[in-house]
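Worksheet: one structure, shown below.
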2 protein chains.
Amino acid sequence: MDKRAISIRDVAQAAGVSTATVSRALNAPGRVSEETRRAVLEAVKATGYSVNPAGRNLRQRRTGSVVALVPNIANPFFSAILAGISSVLRPAGLNLLIADTLAGENREGPVRDYLDRTRSDGVILFDGNVSPTALEPRAGVETPPLVMACEWLEGRPLPHVGIDNAAGARVVTEHLLNLGHRDVAHVMGPPENVLTQTRAEGYRTALAEAGLPCRDDWILPGDFSLASGARAAEMWLALPDRPRAVFCSNDEMACGFISALAAKGVSVPRDVSVAGFDDIELAQHVHPPLTTLHQPRRALGIDAAKLLLDLIAAPELYGATHRIEPVELVRRGSTAAPGDG
Amino acid sequence: MDKRAISIRDVAQAAGVSTATVSRALNAPGRVSEETRRAVLEAVKATGYSVNPAGRNLRQRRTGSVVALVPNIANPFFSAILAGISSVLRPAGLNLLIADTLAGENREGPVRDYLDRTRSDGVILFDGNVSPTALEPRAGVETPPLVMACEWLEGRPLPHVGIDNAAGARVVTEHLLNLGHRDVAHVMGPPENVLTQTRAEGYRTALAEAGLPCRDDWILPGDFSLASGARAAEMWLALPDRPRAVFCSNDEMACGFISALAAKGVSVPRDVSVAGFDDIELAQHVHPPLTTLHQPRRALGIDAAKLLLDLIAAPELYGATHRIEPVELVRRGSTAAPGDG
DNA sequence: GCACATGATGTAATCGTTTACAAGACGCGA
DNA sequence: TCGCGTCTTGTAAACGATTACATCATGTGC
């Protein structure tokens, strides 16, 4: 048994042809004769050869992998999306790399690292808060195609996959209004986040359409975390005239909100209706189960990966392509008409 | 501006040295004179050079990446573990690849694909149900170091990181016994799974130690899914003498169990105490919050990655190393003394 | 019978690094 | 002064694939 792994040379020798022919037989079967193709395939089987990606990548100036940059790997919101991405990438022969933008001190680091043709063939970026300079072209560094997913960068036309957040927020708010509520509060995400802003906009639009004023003191701060939802519940409790419906900008805050209320003996939805956004797994398991807006996470991942593959194949073809996945309101137990219980 | 990205040659030229010297200046600074080292670093900065991993990998016969093989990427149980892995890998200059063993038809595919030195520098395998043949050495293929995490392969001495599942299950069962329960049922995971078997063993040990018989009709089948937990609840309801305590082999089933009971008007923990295993995020948010055994998931990921790095550095040094993380019982609302409520 | 297109294959360059080996300079002890 | 180890550097050979180009045989149209 040899020490070195078998290479294309061994196959060539076994088949009695040159390495060029072996390569052609495997990658462009139409360009060799039927006879040699068979001989090569047989030699491949006999030797147990499989191509060495490092060699191929070097020659072809590719990396064979696509990187998904998420704000935080530990956030389970992304797992279904990553599964979708993986399901597209694997058949295409590409590896899925993951990294988080929060790793280390500066948010830019990982983005800069991977936004480089020698490091990845393409990037799917889930973080809309990277500094704009991180995406600037740098001298001597070719940048691979980039797809924004879920979040996006304001004022920068980049390919994007996501949902219509404003419309979604509007649907949720209208659901509360349709139940008969006239006083609807809103718990916001982190202020600088595009999702926060867009969802708040949808909320305001729905109120305006219904001819209702938008009261500033009914807009409560948050940061998308469970804890901030609980804090918002405290603020809500302290309001002189508590609105009987609350739309939280994401599910985690809605869950935190509900559980903090439960601890204070306030009943949902009898005393207050609470709705969320995202339809994370937790949403259907809290008590009461959460009314929320469903994001098709696996489909989003699949879309993002497909779009990226298209861009890799033909970088110039696409301007700022957008793919918007449809969303759906999921009515569960956490919302009800003001009188009900 | 040149078309081709800048390579080590450009740096060599700018610094007036050979490429070998540039390489040494960057990778083994002690082996060049202080003077040339400075010149090289300056040239690097001036040109904006960064090493091309494909070239390096080819020469060094490495891939620069480690792959985590999970049964199912979409399962959020793994996200915190992956975050832990990533936090160790990144500083070490390694990429984290993820793939699932369920992708495609055969469970072996991805394992075979990545268990190859030309494909990955190391593998962390979370699936204990891969066919043993998938790990067999193959002619012409060098296998990279492999670390089993969470699950393991019976009768095969492989490096492993995880917890003591038998002891954990025993602690949970003892908790129920200490509350005063004498009748404790058990909901099992998929029969062929090592975790299922080991946790069941811990359950039986605890019963035996307490001098209690282990009744076969109180051992209910399941498959680790929420739905199977709900089905187990139906079976429990149908039992002639319902045991007043149930230990579910994982949290998902415990949650399914509880919510199915709630639908039937059975109250937890008043009518029956329910405990789980894992302490997934959901556990603290169901109603009532679940008593369970906490697995330090991030720490497990960190451990697995560190062990793998050690193995990569010195493959021969380690036999079947095991690293066992301590676990902890988390008492929440789902368990109580038989009389309470 | 000739010019030329077509198809199949081999030769060798190339991708960008690292590193074995060699070589020159220098200092030091005998 | 000579021999030898140590430092520093350069030359060139890998690593393993793909592919531009050349070559040669064969077939086709006139």
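Throughout, a chain's letter reflects where its sequence line sits, starting with A, and its residues are numbered from 1.
- Comparing C/dT18, D/dG16, D/dT9 against the side chain of B/Thr21 picks out D/dT9 as the nearest.
- B/Thr118 comes within 4.0 angstrom of no nucleic acid atom, judged by non-hydrogen atoms across all strands.
- A salt bridge is absent between A/Glu151 and A/Arg156; no separation between the charged side-chain nitrogens and carboxylate oxygens falls under 4.0 Å.
- Closest contact between the side chain of A/Asn52 and the listed nucleotides D/dT18, D/dG16, C/dC15 involves D/dG16.
- Look at CD on B/Glu142: it is 10 Å from P on D/dG16, rounded to the nearest Å.
- Checking B/Thr63 against B/Asp121 by side-chain atom types alone, a donor-acceptor pair falls below 3.5 Å.
- At a cut-off of 3.5 angstrom, the base of C/dG10 holds at least one donor-acceptor pair with the side chain of A/Arg24.
- Whole-Å rounding puts the B/Arg31 CZ to C/dT18 P distance at 13 Å.
- Residue A/Ser33 is classed as a sugar-phosphate contact, given heavy-atom separations below 4.0 Å to backbone atoms only.
- The closest side-chain donor-acceptor pair between A/Asp127 and A/Thr101 falls under 3.5 angstrom.
- A/Glu34 has its CD atom 15 Å from the C1' atom of C/dG7, to the nearest Å.
- Using a 4.0 Å heavy-atom criterion, one finds that B/Ser18 contacts the bases of the nucleic acid, with or without backbone contacts as well.
- Side-chain nitrogen and oxygen atoms of B/Ser23 include none within less than 4.0 Å of the OP1 or OP2 phosphate oxygen of C/dT19.
- B/Asp310 and B/Arg323 are joined by a salt bridge, as a carboxylate oxygen and a charged side-chain nitrogen come within less than 4.0 angstrom of each other.
- At whole-Å resolution of the value, CD in A/Gln13 and C1' in D/dG16 are 15 Å apart.
- When distances are taken from the side chain of B/Arg59 to each of D/dA20, D/dG16, C/dT19, the shortest belongs to C/dT19.
- OP1 and OP2 of D/dG16 both lie 4.0 Å or more from every side-chain N or O belonging to A/Ser7.
- Comparing D/dA17, C/dT17, D/dT19 by their nearest atom to the side chain of A/Gln60 picks out D/dT19.
- Judged by distance alone, the side chains of A/Arg56 and A/Asn27 do bring a donor and an acceptor atom under 3.5 Å apart.
- The interatomic distance linking B/Tyr49 (OH) with C/dT17 (C1') rounds to 7 Å, in whole Å.
- Rounded to an integer number of Å, the gap from CG of A/Asp121 to P of C/dC15 is 18 Å.
- One can place CD1 of A/Ile8 at 17 Å from P of C/dA12, the figure rounded to the nearest angstrom.
- Atoms CZ (A/Arg38) and P (C/dA8) sit 14 Å apart, rounded to a whole Å.
- Listed nucleotides D/dA17, C/dC15, D/dC15 differ in distance to B/Arg61; the shortest reach to its side chain belongs to D/dC15.
- Here A/Asn57 lies out of heavy-atom contact (under 4.0 Å) with every strand.
- The side chain of A/Asn27 lies closest to D/dT18 when the candidates are D/dT18, C/dT9, C/dT17.
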Q: Begin from the C-alpha positions of B/Leu146 and B/Leu115 and carry the test side chain to side chain contact (heavy atoms under 4.5 Å, CB included) through to its verdict.
A: CA-CA 8 Å; B/Leu146 169 78; B/Leu115 210 60; 4.2 Å; yes

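- Looking at heavy-atom distances under 4.0 Å, B/Ala20 makes contact with a base.
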